[in-house]
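Numbers restart at 1 for each chain; the letters A, B, ... are given by sequence-line order, proteins then strands. In this text, all values refer to a predicted model and were calculated from it rather than measured experimentally.
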There are 2 protein chains.
Amino acid sequence: MPVKKICYDYPHPALTTDIVIFTIQQQQLKSLLVKRSGEPYEGKWALPGGFVSMHENLRQCAERELAEETGVSGVYLEQLYTFGDPDRDPRERIITVAYYALIPSDKLQLRAAPDAEAVAWFAMDDLPKLAFDHDKILRKAKQRLSDKLDYSTIVFQFMPVDFTLSELQDVQQVISEEDVDKRNFRKWVLALDIIKETGKERREGRHRPAKLYRLKDRNKVDIIR
Amino acid sequence: MPVKKICYDYPHPALTTDIVIFTIQQQQLKSLLVKRSGEPYEGKWALPGGFVSMHENLRQCAERELAEETGVSGVYLEQLYTFGDPDRDPRERIITVAYYALIPSDKLQLRAAPDAEAVAWFAMDDLPKLAFDHDKILRKAKQRLSDKLDYSTIVFQFMPVDFTLSELQDVQQVISEEDVDKRNFRKWVLALDIIKETGKERREGRHRPAKLYRLKDRNKVDIIR
DNA sequence: TCAAAAGTGTTCTCTTTACACCCATGC
DNA sequence: GCATGGGTGTAAAGAGAACACTTTTGA
């Protein structure tokens with residue numbers, strides 16, 4: 001806590017980034033929330049986020065928050081929207097630049113030490129009451145994600161290094177909330193020419209094993225169509 | 001100038017909105033810039049913009065700036081992106097929430113008193129050197145506009161109340177920078193079912209007069225396809 | 001041998017593209 | 001009467017949607 005105050009000629013807002021962290025678990029789209037331990041909205045769930053420090057840019061701040069909550073880095077992260085209504089925080093005016101991140105299921109295990117806070121994954125169709133305007137942020141993130149599903153290869157960002165086409169299709173269907181024809185889906189995926197066969201397969205259960213595929217470039221998200 | 005300073009426990013950034021104001025003039029996509037009269041970047045051209053006051057929300061601020069520079073209100077205005085690199089302004093850290101606005105050509109006449117500043121429209125392919133990171137903002141706005149041309153009815157936001165299909169096609173071509181087939185374009189436009197014939201026509205020159213059309217709902221922008 | 005998920009092509013429909021001539025007017 | 005931009009339809013190609021059976025495995 002600095003003893004010296006920082007002073008300006010005019011009032012300045014505070015600046016935070018909040019992150020909507022999406023992943024797929026148990027065939028559901030889930031989002032990471034943290035339980036607030038102080039006022040305002042004490043005990044309510046909220047998006048992870050925090051103040052932007054003076055030396056870092058907005059994206060770096062979001063990356064830092066993401067790493068603090070999940071231990072994860074190097075995942076898909078995109079600026080979503082900026083929320084700045086005067087009364088969105090009762091303490092002082094706080095502008096938040098919202099980002100959203102997609103966590104592939106294989107990165108999920110390496111959860112960082114939970115920092116003694118209450119942190120939990122919530123299914124998007126079973127959200128608790130949220131602090132501040134965070135429900136608005138979450139809905140906007142969900143909308144952006146759904147939209148991008150249609151005109152980009154963003155769905156692959158949820159996949160582990162090796163995955164089957166059925167798993168991929170499941171993820172697609174969970175997010176878009178509509179069923180996809182298996183043959184058409186596979187045709188579409190293969191035509192994208194962004195995955196390759198690994199030669200390996202996964203057998204699990206008394207049925208034919210599934211071929212494992214891998215992204216040619218795991219970090220690339222293409223705009224298509 | 002307030003005599004009393006406003007003080008915080010931690011440093012806060014300043015907050016502005018900057019607006020990319022697009023219009024079509026002389027078959028060119030143009031953007032409004034203002035010449036800076038003070039340091040930094042004195043004499044350089046910059047996007048119109050200004051500080052967000054404490055009682056207004058971000059959109060209201062953008063609307064206010066827009067009205068100050070152009071006298072125009074009630075036009076298409078959308079949040080673009082937030083730029084917040086630590087050193088984007090040499091004086092202090094300034095976060096800017098960029099918006100972009102589209103001005104239809106009939107609203108253009110009613111330019112407000114230019115407020116004694118140097119203000120000018122620049123063709124997008126003939127821009128001067130810009131202050132701060134404003135070239136980055138402008139390019140992003142142009143990109144967003146081009147993208148939306150393909151999946152929304154945003155192009156109509158440039159049109160006056162009454163317009164001909166040829167005028168509309170011109171605008172489309174200027175922004176997308178590619179030629180469109182006349183018959184296919186008209187088929188597409190009419191299939192949208194968002195314009196109606198006015199019954200009037202425009203004759204100008206020694207050729208057949210063109211039918212004038214009007215948007216059924218001038219404020220609506222649909223996502224299509 | 002049976003249950004369960006993996007894998008695989010073809011046809012039909014709809015959307016998008018390509019393309020050329022007549023029309024109404026002013027000079 | 002001629003130059004100028006306004007206005008119009010059809011056919012071919014391509015993209016997207018619909019659809020059902022065989023394969024491989026583990027129990």
Side-chain angles (χ1 to χ4, degrees), chain A residues 24 26-27 105 146-153 155 159-160 162-174 176-214 222-225, chain B residues 24 26-27 105 147 149-153 155 159-160 162-174 176-214 222-225:
Chain A
I24 304 284
Q26 301 135 230
Q27 313 245 95
S105 49
S146 299
D147 290 349
K148 284 228 164 178
L149 220 56
D150 282 337
Y151 66 87
S152 81
T153 59
V155 66
M159 306 313 292
D162 292 345
F163 56 89
T164 71
L165 296 186
S166 297
E167 287 167 346
L168 181 65
Q169 184 177 347
D170 277 346
V171 173
Q172 173 87 17
Q173 291 179 158
V174 163
S176 69
E177 292 170 2
E178 44 193 275
D179 287 357
V180 179
D181 177 84
K182 199 208 291 193
R183 278 174 291 188
N184 291 339
F185 181 74
R186 291 159 108 95
K187 214 184 309 171
W188 173 76
V189 169
L190 295 172
L192 290 173
D193 191 35
I194 59 171
I195 61 172
K196 56 179 186 236
E197 293 192 19
T198 61
K200 296 182 284 175
E201 20 186 61
R202 166 174 305 152
R203 45 180 141 354
E204 49 171 4
R206 47 177 183 166
H207 56 80
R208 180 171 175 175
K211 284 185 192 166
L212 285 168
Y213 290 84
R214 183 176 297 189
D222 296 318
I223 303 299
I224 52 181
R225 179 161 327 182
Chain B
I24 304 284
Q26 302 134 232
Q27 315 245 93
S105 49
D147 289 349
L149 221 56
D150 281 337
Y151 66 87
S152 80
T153 59
V155 66
M159 306 313 291
D162 292 344
F163 56 89
T164 71
L165 296 185
S166 296
E167 287 167 346
L168 182 65
Q169 183 176 347
D170 277 347
V171 173
Q172 173 88 18
Q173 290 177 161
V174 163
S176 69
E177 292 170 3
E178 44 193 274
D179 287 357
V180 180
D181 176 84
K182 199 208 289 191
R183 278 175 292 190
N184 291 339
F185 180 74
R186 292 159 108 94
K187 214 183 310 170
W188 173 76
V189 169
L190 295 173
L192 291 173
D193 192 35
I194 61 170
I195 61 172
K196 56 180 185 234
E197 293 191 19
T198 60
K200 295 183 285 179
E201 23 186 56
R202 166 174 306 152
R203 45 180 141 354
E204 48 171 6
R206 45 179 183 166
H207 57 80
R208 180 172 174 175
K211 284 184 192 167
L212 285 168
Y213 290 84
R214 184 176 296 188
D222 296 318
I223 304 299
I224 52 181
R225 182 161 325 183

All salt bridge (charged side-chain N to carboxylate O under 4.0 Å, His left out) counterparts of A:Arg202, not counting sequence neighbours: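 Listed in chain order: A:Glu167.
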Listed partners of B:Glu178 passing salt bridge (charged side-chain N to carboxylate O under 4.0 Å, His left out), at least two apart: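 Checked B:Glu178 against salt bridge (charged side-chain N to carboxylate O under 4.0 Å, His left out); zero matches.
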Exercise: identify the closest heavy-atom pair between B:Asp150 and B:Arg225: O-CZ, 3.4 Å
Exercise: identify the closest heavy-atom pair between A:Arg214 and A:Asp162: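 Where A:Arg214 meets A:Asp162 most closely, the heavy atoms are NE-OD1, 2.8 Å.
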Reported CG-to-CD distance for the pair B:Leu168 and B:Gln172, which is rounded to 0.5 angstrom: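 Those atoms lie 7.0 Å apart.
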By side-chain contact (heavy atoms from CB on, under 4.5 Å) - contacts of [X] (at least two apart):
X        : answer
B:Gln27  : B:Asp170, B:Val174
B:Ser152 : B:Lys148, B:Ile154, B:Val221, B:Ile223
B:Val171 : B:Ile24, B:Val155, B:Phe158, B:Met159, B:Ile175

Audit row: B:Ser166, B:Lys211, side-chain contact (heavy atoms from CB on, under 4.5 Å) steps and yes/no: CA-CA 10 Å; B:Ser166 296; B:Lys211 284 184 192 167; over 6 Å; no
Difference in axis direction between the ends of the helix from C:dT1-D:dA27 to C:dC27-D:dG1, five pairs, 10°: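 Helix axis angle between the two ends: 10°.
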Under 3.5 Å, which donor-acceptor pairs link side chains of residues 188-199 of chain B to any protein atom two or more places apart or in another chain?
unit_1, atom_1, unit_2, atom_2, d
B:Asp193, OD1, B:Lys216, NZ, 2.8
B:Thr198, OG1, B:Lys200, N, 3.1
B:Thr198, OG1, B:Leu212, O, 2.9

Under 4.0 Å protein heavy-atom contacts per nucleotide of nucleotides 6-16 of chain D, with B for base, S for backbone only and - for none: BBBBB------
Could you pull out all donor-acceptor pairs under 3.5 Å where a side-chain atom in residues 203-210 of chain A meets a protein atom, sequence neighbours excluded?
unit_1, atom_1, unit_2, atom_2, d
A:His207, NE2, A:Glu204, O, 2.8

For B:Lys187, all residues meeting side-chain hydrogen bond (donor to acceptor under 3.5 Å, both in side chains), sequence neighbours excluded: B:Asn184
Positional range of nucleotides in DNA chain C within the contact set of chain B, heavy-atom, under 4.0 Å: C:dT17 to C:dC27
Sorted by number, the residues of residues 197-204 of chain A with heavy-atom contact under 4.0 Å to DNA chain D: A:Arg203
